[in-house]
Protein chains: 2
Amino acid sequence: MSRPVQVLQRAMKLLTAFDHDHPEMGVTELAQRLDLHKATVHRILFTLELEGFVQQNPATGKYRLGFRLFELGALAAEQISLRREALPFLEKLRDECRETVDLAVYDNGEMVYLEVLESPLPIKIAARPGRRLPVYCTASGKAYLAYAGEEDLQTVLSQEMIPCTPNTICDPEALQEDLRLTRERGYSISLEEYEIGIKAVAAPIINGLSRVEAVIAIAGPAYRLPPERVTELGEAVRQTARELSRHLGGRLTT
Amino acid sequence: MSRPVQVLQRAMKLLTAFDHDHPEMGVTELAQRLDLHKATVHRILFTLELEGFVQQNPATGKYRLGFRLFELGALAAEQISLRREALPFLEKLRDECRETVDLAVYDNGEMVYLEVLESPLPIKIAARPGRRLPVYCTASGKAYLAYAGEEDLQTVLSQEMIPCTPNTICDPEALQEDLRLTRERGYSISLEEYEIGIKAVAAPIINGLSRVEAVIAIAGPAYRLPPERVTELGEAVRQTARELSRHLGGRLTT
DNA sequence: ATAATGGTTTCGTATTGTGAAATATATCTC
DNA sequence: GAGATATATTTCACAATACGAAACCATTAT
């Protein structure tokens, strides 16, 4: 097997070092995070900037992701056929329940939002495509785990589950029981486990090979979601996920 | 000045070779487009794939943009503060006029959609963030040119304007006159110049340094936009662009 | 005024990326 | 089914590049 291009890997790791907690970083900070020499980091940034992949804030000297990545990301998003096919289902669900609806996939131990349709109400759960969230304490993550392969499940259970709120389920056995209940009712529930004030329900999209392709979730402010409303939304998201699964069942998507 | 990293530039040009007309390409095709050796292209693709920047379709052997670019693009989009600040204005305008509304910027001789809010009506103009469109025959482009610097204007006028429809204005003097009328009424008009069946109006967002930061456009199917409706929408987009310009005027955005 | 910190540049050289050539795989034609 | 064609993948000698140590520059803090 051929050897990967070292400086290319370094550059990609550099780009991936930016996240929404660190949208801007300087040469020295990036060098420290990536364990690279400042001269190397500077040379990579200089080249990325020439092609518009990063841009330097002249006032601070720090760098951020550039316009070319916005464009490539938009093109990459267009090609996620699951997103495209799911959109009408998400729109219908959002219009019916008037809460924030999202589509997420599992990736490297976390859930990543592929699409978010926010509630039309003034008070709503804000989320963004591309954002990552933990698996063990979110409705999306639990809907995934309940139907995931044993390997993904053991990966999560073998790692320390850090409490996000006092309601976070951190005991592996309690989580397994929660996942059993999820399978029983066909949708997961997160009651202020990931963030105080937010409740959510989610259901899996199963593809033609009986694998969890993605999950659909509904999230809302806790005060607007008494138990009977949670049940209603759970049934709605289960129904939508089932319809989308059926819609996708005839063909596999990437 | 330091010398850019050659293989990094090559990799970025490779990624930028993908567009919505060419979402998937193989090693040989990319080598031809980029004038690089197949072994070089293969090595770059192999490395990009390791980090998730591209993925190979096992069925066809061709490559497409990968999930990491989707994520980076989403993060890059989040940081375009103009997009964020403009969104409420775009939403209000779209809800009022019930046609597709978009925000675009000028980049390298073309307009690029930053944000698109599609009409809620069943028949609507579909557009996508990240897409590019010509300057001389779109409402967005003409709104930009009317207020752009002389350099951008001469760049466009000195290049051949290829007709997109029988209505495309290709004569430099006729275009200049059209731009004069645009400045006079405060918004541009494109009557099926870019695509048969589509009419659009657009107005510039002027920042605190009196430069055109972006443009807002409204686009709709021609049959739904008789002349008096075009005038209404023109006034509406002009008003929204002015409000946004004022909103942004106190601070420069990147 | 000096020190500390972060960004930028230089340049000798070790390491890497290159591409010519070969091999492997898949598809097409007869 | 054999041979031809096209594309993808791999190998390896070596030329060219990327590297990082050191120095320099600019800004901020003391």
Side-chain angles (χ1 to χ4, degrees), chain A residues 1-19 21-66 68-69 79 252 254, chain B residues 1-19 21-66 68-69 79 252 254:
Chain A
M1 188 56 72
S2 55
R3 184 184 54 169
V5 181
Q6 183 185 50
V7 65
L8 203 36
Q9 280 195 301
R10 286 177 162 182
M12 289 187 280
K13 288 185 186 338
L14 184 156
L15 288 172
T16 313
F18 291 92
D19 60 30
D21 291 318
H22 309 88
E24 266 204 351
M25 282 185 282
V27 172
T28 303
E29 181 176 1
L30 283 161
Q32 283 162 351
R33 283 175 172 273
L34 301 165
D35 197 27
L36 292 176
H37 198 278
K38 284 195 304 176
T40 302
V41 169
H42 189 270
R43 193 167 43 246
I44 291 175
L45 284 170
F46 173 76
T47 310
L48 289 172
E49 189 177 19
L50 280 185
E51 304 298 324
F53 276 55
V54 298
Q55 68 192 73
Q56 187 178 32
N57 182 341
T60 63
K62 292 177 186 299
Y63 293 81
R64 58 169 58 211
L65 297 181
R68 292 291 157 254
L69 283 170
Q79 289 167 43
L252 297 177
T254 50
Chain B
M1 186 58 72
S2 55
R3 186 175 59 168
V5 181
Q6 182 184 50
V7 65
L8 200 38
Q9 280 194 300
R10 285 176 162 182
M12 289 187 280
K13 287 181 184 348
L14 183 156
L15 288 173
T16 312
F18 291 93
D19 61 30
D21 292 318
H22 308 88
E24 267 203 352
M25 282 186 281
V27 172
T28 303
E29 182 178 0
L30 282 162
Q32 283 161 351
R33 283 175 172 272
L34 301 166
D35 196 29
L36 292 176
H37 198 278
K38 284 195 302 174
T40 302
V41 169
H42 189 271
R43 193 167 43 247
I44 291 176
L45 285 170
F46 174 76
T47 309
L48 290 172
E49 190 178 18
L50 281 183
E51 304 297 324
F53 276 55
V54 298
Q55 68 193 73
Q56 188 178 32
N57 183 341
T60 62
K62 294 176 186 295
Y63 291 81
R64 58 169 56 208
L65 297 181
R68 291 292 157 253
L69 283 170
Q79 288 167 47
L252 298 176
T254 50

Legend entry - Short side-chain N/O contact from A:Arg10 to OP1 or OP2 of D:dG20, under 4.0 Å: yes

Inset, instruction - May I have the distance from B:Gln9 (atom CD) to C:dT18 (atom P), rounded to whole angstrom? - result: 12 Å

Legend entry - Under 4.0 angstrom between B:Tyr63 side-chain N/O and D:dT9 OP1 or OP2: yes

Legend entry - Side-chain heavy atoms of A:Leu34 within contact of A:Arg10, under 4.5 Å: no

Inset, instruction - Rounded to the nearest angstrom, tell me the gap between atom CD1 in A:Ile44 and atom P in D:dT17. - result: 17 Å

Inset, instruction - Send over the distance from A:Leu14 CG to D:dA18 P, rounded to a whole Å. - result: 16 Å

Inset, instruction - For the residue pair A:Asn57 and A:Glu24, establish whether any side-chain heavy-atom pair is separated by less than 4.5 Å. - result: yes

Legend entry - pair B:Glu49-B:Gln56: side-chain heavy atoms closer than 4.5 Å: yes

Inset, instruction - Kindly say if B:Gln56 contacts the phosphate of D:dT7, meaning a side-chain N or O under 4.0 Å from OP1 or OP2. - result: no

Inset, instruction - Take atom CG of A:Leu45 and atom C1' of D:dG20, then tell me their distance rounded to the nearest Å. - result: 16 Å

Legend entry - Interface residues of residues 31-39 of chain A with DNA chain C (non-hydrogen, below 4.0 angstrom): A:Lys38, A:Ala39

Inset, instruction - Ignoring backbone atoms, test whether B:Thr28 places a side-chain nitrogen or oxygen under 4.0 Å from the OP1 or OP2 oxygen of D:dA8. - result: yes

Inset, instruction - Select from B:Thr40 and A:Lys62 the residue whose nearest nucleotide in DNA chain C is closer to the 5' end of that strand. - result: A:Lys62

Inset, instruction - Check whether any side-chain heavy atom of B:Leu14 sits under 4.5 Å from a side-chain heavy atom of B:Leu36, and report yes or no. - result: no

Inset, instruction - Specify the separation, in whole Å, of atom CZ of A:Arg43 and atom C1' of C:dT8. - result: 12 Å

Legend entry - Distance, rounded to the nearest Å, where B:Gln6 contributes CD and D:dC19 contributes C1': 15 Å

Legend entry - Closest non-hydrogen atom pair, B:Ala31 against B:Lys38: CB-CG, 3.9 Å

Inset, instruction - Starting from the first five and the last five pairs of the helix from C:dA1-D:dT30 to C:dC30-D:dG1, work out the angle between the resulting helix axes, to 10 degrees. - result: 40°

Legend entry - Check: B:Ala17 main-chain N/O paired with B:Arg33 side-chain donor or acceptor under 3.5 Å: no

Legend entry - Whole-Å gap separating P (C:dT18) and CZ (A:Arg3): 11 Å

Inset, instruction - Would you kindly give the NE2-to-P distance between B:His42 and D:dA6, to the nearest whole Å? - result: 20 Å

Inset, instruction - Return the minimal non-hydrogen interatomic distance between A:Thr47 and B:Met12, and the atom names on each side. - result: O-CE, 3.2 Å

